[in-house]
Amino acid sequence: MPEPKTSSYLDSLNDVQRQAVTTIDGPVLVVAGPGSGKTRVLTFRIAHIIEQGTAPWEILALTFTNKAAREMKGRIEEVVGKRASYIWAGTFHSLFARILRVEAQHIGYPSNFTIYDTDDTKSLLNSIIREFNLDPKVYGANAIKNRISSAKSSLITPKLYEKNEELLAQDKLANMPLVYKIYTAYVARCKKAGAMDFDDLLFRLFELMQNVPEVVQKYREKFKYVLVDEFQDTNTLQYAIIKKLVQYPDSPRNICVVGDDAQSIYAFRGATIQNILDFEQDFGQFGIQTFKLEQNYRSTENIVNTANAVISYNKRQIQKSIWSDKGVGDKIRVIKAVDDNEEGRRVADTILEQKNRYHLQNNDVAILYRTNSQSRIFEEYLRRFNIAYRVYGGQSFYQRKEVKDLIAYLRMVVNPNDEEAFRRSINHPKRGIGGTSVAKVTTLARQQNLTLFEALKHVDLPKRTRHAADGYIHVIEQAMAKADTANAYELADLIAKGSGLTDMLRNDKSIEGMGRLENHEALLDGIKSFVEDDTVIDTDTLPDKSLATYLQNIALLTDADESDSTNTDVVTLMSVHAAKGLEYKSIFVVGLEEKLFPSWMSMDSMEGLDEERRLFYVAITRAELYLTLSYANTRYRYGKMVMNEPSRFLAEVPADAVENTTGGGRRSNDFEFDKVARQREHRARVTGVTPNKRRGTARFAAPKVDPATFEPSPITEVETGRRVLHLKFGEGKVLHVDGGADNRIATIHFSDLPQPEKRIMLKFAKLQVLD
DNA sequence: ATGCTGCATATTTTT
DNA sequence: TATGCAGCAT
């Protein structure tokens with residue numbers, strides 16, 4: 001007797017989806033084409049497992065992004081209620097870190113281990129390279145980081161690396177025969193510092209499961225059902241861990257992986273579709289059940305057919321036929337521009353045209369490019385056309401220097417062995433402890449096998465430097481003494497003040513300096529709201545609201561987690577990679593030229609080109625209704641004009657899906673189109689000058705003043721009483737000017753700011769005098 | 001120890 | 001074009 005309640009959510013699924021949801025026992029492979037309701041299947045499946053009597057905490061659901069995890073949890077909650085919060089749903093890295101905190105002692109790590117981010121890794125590698133007296137030009141930190149990362153992802157320890165002829169040969173060829181030594185040292189130094197990098201979170205867990213039977217046993221019993229999202233993006237190491245969990249004698253093998261080989265775009269990071277093929281191999285004898293979600297609910301037939309045609313040029317793929325019943329839809333438009341400027345203008349103009357013709361909102365539109373550097377020109381023209389936009393990508397809040405500087409201190413308090421945090425904080429703010437002193441500390445640490453922080457206490461230093469060092473030690477130890485009782489905010493506040501970081505930033509009156517201060521304060525505010533937030537964070541080991549818990553939370557949070565005010569109506573600009581999983585009514589895929597898309601770096605191998613093609617496939621399948629492709633004959637790259645052929649991918653788009661642009665008639669049409677565009681641009685420029693009055697502009701983009709019309713005046717014209725325009729702050733009135741000759745500082749009242757009075761160094765400022 | 005200038009350098013990047 | 005870092009001058 002099926003319960004009537006159960007049927008309610010199952011009713012909204014198609015046949016294949018429903019089978020994929022209700023077949024919960026044994027190995028299951030779900031091949032999910034773009035827009036095929038993959039997330040629905042995954043969430044309903046988990047809900048179904050719970051409805052069938054499994055406890056939420058016995059379910060492990062692995063995703064790649066925090067965002068995907070949050071979304072999944074939210075949607076499960078809609079079906080099963082609050083119980084959803086007990087599901088082990090999260091990213092590989094965050095869930096594994098959580099397990100490692102509990103089990104760390106088995107592998108000689110403290111449970112408060114630090115997580116090294118990419119910058120920490122590179123900086124540590126650079127120290128090692130310097131200590132080995134190797135040429136940092138030959139031994140590039142980035143290249144070595146990638147070597148080490150891919151070694152770890154392929155389960156190759158330093159010992160194995162040392163014996164691996166192939167890897168050694170590759171290194172020799174790259175003129176870096178000593179990579180294995182660096183790898184060995186790097187691993188040792190991480191361990192010494194009580195730190196794990198992103199790969200270690202996976203690798204160490206694997207090691208743990210490999211070497212400590214009680215631990216594997218424990219988690220095998222705990223997780224009754226395991227689900228993996230975006231399986232095509234997993235690497236060998238991730239798959240190895242999954243197998244550890246579900247592949248053992250007498251295992252029920254309740255494993256479900258969901259993915260799409262055609263959307264695998266992270267091979268350059270070690271992801272391999274081979275995992276999908278291996279999965280079929282590894283679990284085949286245990287009655288694997290495969291479901292193919294082939295109906296695309298997102299896009300028109302024209303778009304789906306184009307995507308199918310394009311991807312068919314790839315050799316290796318899982319057979320499937322994606323289809324849509326949403327009607328043929330509009331043809332695909334191709335914009336040919338003579339140069340990158342024209343491309344920008346034509347795209348902006350087409351957006352306006354589509355907004356009018358199809359009543360689209362800015363929100364319905366996204367511009368996708370291969371490289372982030374392409375965004376600039378589009379930003380320029382969107383501003384000129386008065387279209388609000390937002391650029392995704394680039395560096396996140398937690399990557400900023402000033403933010404990382406304070407965090408380095410906090411990390412020292414939690415784990416004083418953290419070498420990178422030490423290096424970062426020891427002379428920041430400048431207290432006169434430079435390279436020479438740090439070298440002394442390092443030597444002593446090496447000799448006596450001390451951590452850097454311990455060595456600093458005992459090292460012989462000149463009086464002045466000793467004094468500075470004691471000050472530093474005092475700040476850290478003072479906070480450490482309170483770490484058990486004080487919450488994260490109290491400690492952070494103590495350190496921000498005690499270290500002199502806040503003062504240093506306050507004293508910097510430059511515009512950039514003010515931005516830094518703002519970020520510094522935003523970080524403190526963030527910590528405060530973390531402390532005040534009443535949701536309990538499940539860490540198993542760390543005390544709630546503690547600094548350690550806070551750090552653990554942010555370490556794995558790089559994502560666009562920055563309270564993304566989704567309500568604002570803006571056009572989205574981002575790389576194709578960043579667009580995965582998203583959808584828009586109208587999509588512009590731009591810069592479709594050889595050597596750009598496909599990227600020149602990928603063009604020398606078949607695999608590289610196939611991955612670029614999958615990337616193109618991902619790009620076009622983001623579109624629901626309208627797809628526009630564009631390219632330019634010439635564009636500026638690194639300041640040089642370059643000429644490129646149209647992308648080969650354009651030739652792979654079926655001609656009958658494209659709006660007819662052949663023949664001379666279209667050319668005159670193009671010309672008209674351009675003329676109209678220029679007129680519009682002109683109007684927008686004329687009306688666009690009125691600053692500070694635009695509605696619905698994005699937080700990060702579209703400044704109050706239009707840079708296109710902004711003309712800085714000579715600083716001699718900035719005088720008391722004058723009205724001036726500032727690029728960031730808008731319109732203001734000069735209250736007075738002081739300082740002599742070269743160092744004139746103007747105090748200006750900007751009425752649009754929360755704190756209207758700003759002191760601005762005229763030497764650096766760009767101000768336009770208005771009257 | 002620090003600050004500046006000149007030069008080499010240059011995908012994509014869930015964590 | 002923009003950025004970051006190495007080497008030099010202070």
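Keep in mind that what you see is a predicted model, and the values were worked out from it rather than measured. Chain naming here is simple, since letters A, B, ... match the order of the sequence lines and numbering starts at 1 in each.
Heavy atoms of Y636(A) sit nowhere under 4.0 angstrom from any nucleic acid atom. Among the heavy atoms of the strands lying under 4.0 Å from S437(A) are primed sugar atoms or P, OP1, OP2 only; no base atom is included. Base contact: D233(A) has a heavy atom under 4.0 Å from a base atom. Contacts of E611(A) with the nucleic acid, taken as non-hydrogen atoms under 4.0 Å apart, are absent.
The residue among I433(A) and S94(A) whose nearest nucleotide of DNA chain B lies closer to the 5′ end is I433(A).
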Please report the C-alpha distance between Y239(A) and F231(A) in whole Å, then the side-chain angles of each, then the deciding distance to 0.1 Å, and finally whether the ring pair (Phe, Tyr, Trp, His ring centres under 6.0 Å) criterion is met. CA-CA 9 Å; Y239(A) 183 45; F231(A) 189 62; 5.6 Å; yes
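Taking the O4'-C1'-N9-C4 or O4'-C1'-N1-C2 dihedral as appropriate, dT11(B) has a value within 90° of 0 and is therefore syn.
The OH atom of Y398(A) sits 20 Å away from the C1' atom of dT13(B) (whole-angstrom rounding). Atom P of nucleotide dT12(B) and atom CG of L368(A) are separated by 15 Å, given to the nearest angstrom. Atom OH of Y392(A) and atom C1' of dT14(B) are 15 Å apart (whole Å). Atom-to-atom, CD of E607(A) to P of dT11(B) comes out at 22 Å; the value is rounded to the nearest Å. A straight line from CG of N142(A) to P of dC5(C) spans 10 Å, rounded to a whole angstrom. When the P atom of dT14(B) is taken as reference, atom CZ of R70(A) falls 14 Å away, rounded to whole Å. Rounded to whole angstrom, the span from the CD1 atom of I148(A) across to the P atom of dT15(B) amounts to 22 Å. To the nearest angstrom, P of dA10(B) lies 17 Å from CG of L596(A).
At least one side-chain nitrogen or oxygen of N372(A) sits closer than 4.0 Å to the OP1 or OP2 atom of dT13(B). The phosphate of dT2(B) (OP1 or OP2) has a side-chain N or O of N427(A) nearer than 4.0 angstrom. Residue S602(A) has no polar side-chain atom (N or O) positioned under 4.0 Å from OP1 or OP2 of dT11(B). In terms of phosphate contacts, N66(A) brings no side-chain nitrogen or oxygen within less than 4.0 Å of OP1 or OP2 of dT14(B). Residue Y638(A) places no side-chain N or O under 4.0 Å from the OP1 or OP2 atom of dC7(B). Remark: T436(A) is in phosphate contact with dA1(B), judged by side-chain N or O atoms under 4.0 Å from OP1 or OP2.
Considering only the side chain of S575(A), dT13(B) comes nearest among dT13(B), dA2(C), dT11(B). Out of dT14(B), dT15(B), dT13(B), the shortest distance to the side chain of F64(A) is found at dT14(B). Of the candidate nucleotides dG3(B), dT12(B), dT15(B), dT15(B) has the atom nearest to the side chain of R269(A). For T65(A), counting side-chain heavy atoms from C-beta on, the closest listed nucleotide (dA1(B), dT14(B), dT13(B)) is dT14(B). For K430(A), the listed nucleotide lying nearest its side chain is dT2(B); candidates were dT15(B), dT13(B), dT2(B). Nearest nucleotide to the side chain of F268(A), out of dT11(B), dT15(B), dT13(B): dT13(B). Side-chain proximity of F198(A) to dT11(B), dT15(B), dA2(C): nearest is dT15(B).
If you check the side chains of Y617(A) and N314(A), you find no donor sitting under 3.5 Å from an acceptor. Counting only N and O atoms by type, the side chains of Y381(A) and N341(A) include a donor and acceptor under 3.5 Å apart. Residues E103(A) and Y219(A) bring a donor and an acceptor atom of their side chains to less than 3.5 Å of each other.
When atom types are taken as modelled, the side chain of R147(A) and the backbone of A143(A) share no donor-acceptor pair closer than 3.5 angstrom.
Judged by distance alone, with hydrogens and angles left aside, R370(A) brings no side-chain donor or acceptor close enough to the base of dT11(B) to form a pair under 3.5 Å.
Ring geometry for F92(A) versus F64(A): interplanar angle of 30 to 60°, hence tilted.
You'll find the side chain of K404(A) reaches within 4.5 Å of the side chain of D117(A), heavy atoms only.
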